[in-house]
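Numbers restart at 1 for each chain; the letters A, B, ... are given by sequence-line order, proteins then strands. Basis for what follows: all heavy atoms, side chains included, without hydrogens, waters or symmetry-related copies.
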Number of protein chains: 2
Amino acid sequence: MKEGPDISRIAALIGDPARANILTALMSGKALTATELASEAGVTVQTASTHLAKLEAAEMIVCRKSGRHKYFTLGGDDVGHALEALMGLAAGAGHLRMRTGPKDDALREARVCYNHLAGAKGIALYQGLLGQGVVVENGDDVVLTDQGATWLREFGVDVDGLMRSKTPLCRTCLDWSARQTHLAGSVGRALLVRMQDLGWAKRVEGTRVVQFTARGEAAFTEVFGR
Amino acid sequence: MKEGPDISRIAALIGDPARANILTALMSGKALTATELASEAGVTVQTASTHLAKLEAAEMIVCRKSGRHKYFTLGGDDVGHALEALMGLAAGAGHLRMRTGPKDDALREARVCYNHLAGAKGIALYQGLLGQGVVVENGDDVVLTDQGATWLREFGVDVDGLMRSKTPLCRTCLDWSARQTHLAGSVGRALLVRMQDLGWAKRVEGTRVVQFTARGEAAFTEVFGR
DNA sequence: TTCATACTTCGACCGTAGCCGAAGCATATT
DNA sequence: AATATGCTTCGGCTACGGTCGAAGTATGAA
């Protein structure tokens, strides 16, 4: 009768609002302490503690203790992917957050999606890469072209290093804000890092917002088109 | 404070065991009636009815009524993808079902995963296609080669028809039984259909099990190896 | 019309799990 | 040692939601 992996266990884990908030906060990719996560989730530290214990037992998050702090991060890329997929569903079903925060516009413009660029800027980036033949689409899969590898090298990305790693180079990721795809995978991550190194953009502390500088904005448009 | 779509709502929806069973049952891709789903989920029809109403309200499933029956199917591909992602997580965390049913071995051997072939046979199929250069891997993306299109045509698959459609040709899908990838996407689906047309395999009514005939087994090994 | 089947709604029961206050450890700082 | 900070455990309260029996609606068959 019952077959397959027990999907409901982990879904129930994500299903609690407090835990969902914790996980969403960790989608920023940054390591956060228990108290930070508690305030993020809107619960006391005690409750957060039990939640974190459960999430850790399920290997959805991992913790690294340093002194009297415990820093938490997402368990792995699979966890991020699953959360992204759920966000896509939630956005599609119109289940957006009730009170849309003041940062919502900024989030729609440019934000961090686990480790790569998302939002309007993320989509523009992807479209730009497609237009220049750096990557090509195949269904909803993306492939890095040979000329694309060269292009990336010139842009300052260590493509060969990425290729040695086992993590996939390119993946598509569906935006929950605009219903379009943008670029994830190690290339997507590397591009975000590179743009920060170039001083084009900075992350706004404590949020997932990515703030472009005036110069960065111009350079971005120059390279990727609007 | 709170940013992004409300992930917890739908996660909680999937988090209930009964609803999870319903969704898992619908992963077979077949349209099922309310009573069938009730027995599948192990609850009475009344409870199933309320669950179905909730799932439908969230657009996770759609229903088509015919006479006094109501046939339910998954809401869309996004739903399927999200469920797959969760299954991957659940399998990874070792949260497999407690009591493994009698059909479990058959499921591990060959089963329907939403609409394509999964299990040991699914993996063998994918490996065979890779070995013959019909598809090539790029990270965790898969691409159909030109020679692969020709091969498929000879195998009896209407590749050109598939290409005209907007749905992606090839996608990878992670098995929960063996932790390996197999082929999804419209090509994956078409191959399963073709094998059934050839009389190689039949679906066992009411389950996700795919039963290969002796002749089909031999032909499969012939064509794909292993 | 009458009966049977498929599904839905209502009402009441019950259990699980989230929540916080308070106390308990553990690690740093003085 | 004494104090402060970060995190965990315990106990009890509460509420939300899943569950089923029973009654109610819709559709098809006799």
Side-chain angles (χ1 to χ4, degrees), chain A residues 1-2 6-26 30-58 60-73 93 95 98 206, chain B residues 1-2 6-26 30-58 60-73 93 95 98 206:
Chain A
M1 194 74 65
K2 314 281 198 295
D6 196 349
I7 212 179
S8 73
R9 291 271 256 300
I10 48 155
L13 229 44
I14 310 174
D16 177 74
R19 283 192 294 258
N21 284 335
I22 289 176
L23 292 170
T24 311
L26 289 176
K30 303 203 92 171
L32 299 171
T33 68
T35 23
E36 285 172 324
L37 289 170
S39 95
E40 197 71 32
V43 293
T44 59
V45 266
Q46 309 96 289
T47 19
S49 179
T50 65
H51 285 315
L52 290 169
K54 288 177 185 177
L55 289 173
E56 196 182 359
M60 295 197 65
I61 60 177
V62 287
C63 113
R64 180 173 54 81
K65 61 184 340 181
S66 126
R68 52 183 168 181
H69 294 274
K70 287 187 79 172
Y71 288 96
F72 293 89
T73 42
H95 280 213
M98 281 300 101
Chain B
M1 194 72 69
K2 315 282 199 295
D6 192 355
I7 214 179
S8 72
R9 291 271 256 301
I10 48 154
L13 229 44
I14 311 175
D16 177 74
R19 284 192 294 258
N21 284 335
I22 289 176
L23 291 170
T24 311
L26 289 176
K30 302 203 92 173
L32 299 170
T33 68
T35 23
E36 285 172 325
L37 289 170
S39 93
E40 198 71 31
V43 292
T44 59
V45 266
Q46 308 97 286
T47 24
S49 179
T50 65
H51 286 316
L52 290 169
K54 289 179 185 176
L55 289 172
E56 196 182 359
M60 296 196 63
I61 60 177
V62 288
C63 111
R64 182 173 54 82
K65 61 185 335 182
S66 125
R68 52 184 168 181
H69 294 274
K70 289 186 77 172
Y71 288 95
F72 293 90
T73 42
H95 280 213
M98 281 302 102

*Determine the minimum heavy-atom distance between A:T47 and A:T44, stating which atoms define it.*
OG1-OG1, 2.8 Å
*asked:* Students often get this wrong, so: under 4.0 angstrom with heavy atoms, is B:T47 touching a base, only sugar-phosphate, or nothing?
replied: base
*Give the first and the last nucleotide of DNA chain C, reading 5' to 3', that has any atom under 4.0 Å from a heavy atom of chain A.*
C:dG18 to C:dA28
*Hey, is the main chain of A:H51 close enough, under 3.5 Å, to the side chain of A:R19 for a donor-acceptor pair?*
no
_Rounded interatomic separation in angstrom, taking OH from B:Y71 and C1' from D:dT27_ = 13 Å
*When rounded to the nearest 0.5 angstrom, what is the spacing between CG in B:L55 and CG in B:L37?*
9.5 Å
*Which whole-number value in Å describes the distance from B:I22 CD1 to D:dT19 C1'?*
13 Å
*Of the listed nucleotides D:dT9, D:dC7, D:dG18, the one nearest the side chain of A:H69*: D:dC7
*Could you tell me the separation between the NZ atom of A:K70 and the C1' atom of D:dG6, rounded to a whole number of Å?*
11 Å
*Between D:dC7 and A:T35, is there an OP1 or OP2 to side-chain N/O distance shorter than 4.0 Å?*
yes
*Whole-Å distance between D:dC16 C1' and B:L13 CG?*
15 Å
*Between D:dC13 atom P and A:Q46 atom CD, what is the distance in whole Å?*
17 Å
*Kindly write out the residues that satisfy side-chain contact (heavy atoms from CB on, under 4.5 Å) with B:V45, not counting sequence neighbours, or none if the list is empty.*
B:T35, B:A38
*Would you say B:I22 and B:L32 make side-chain contact, with heavy atoms under 4.5 Å?*
no
*Below 4.0 angstrom from OP1 or OP2 of D:dG17, is there any side-chain N or O of B:K54?*
no
*A:M60 side chain reached by A:L23 side chain, heavy atoms, under 4.5 Å*: yes
*Mind checking the CD1-CG spacing from A:I61 to A:L26? Nearest 0.5 Å is all I need.*
6.5 Å
_D:dC7, OP1 or OP2 - any side-chain N/O from A:S49 closer than 4.0 Å?_
no
*Once you round it to whole Å, what is the distance between P of D:dG6 and CG of A:L37?*
14 Å
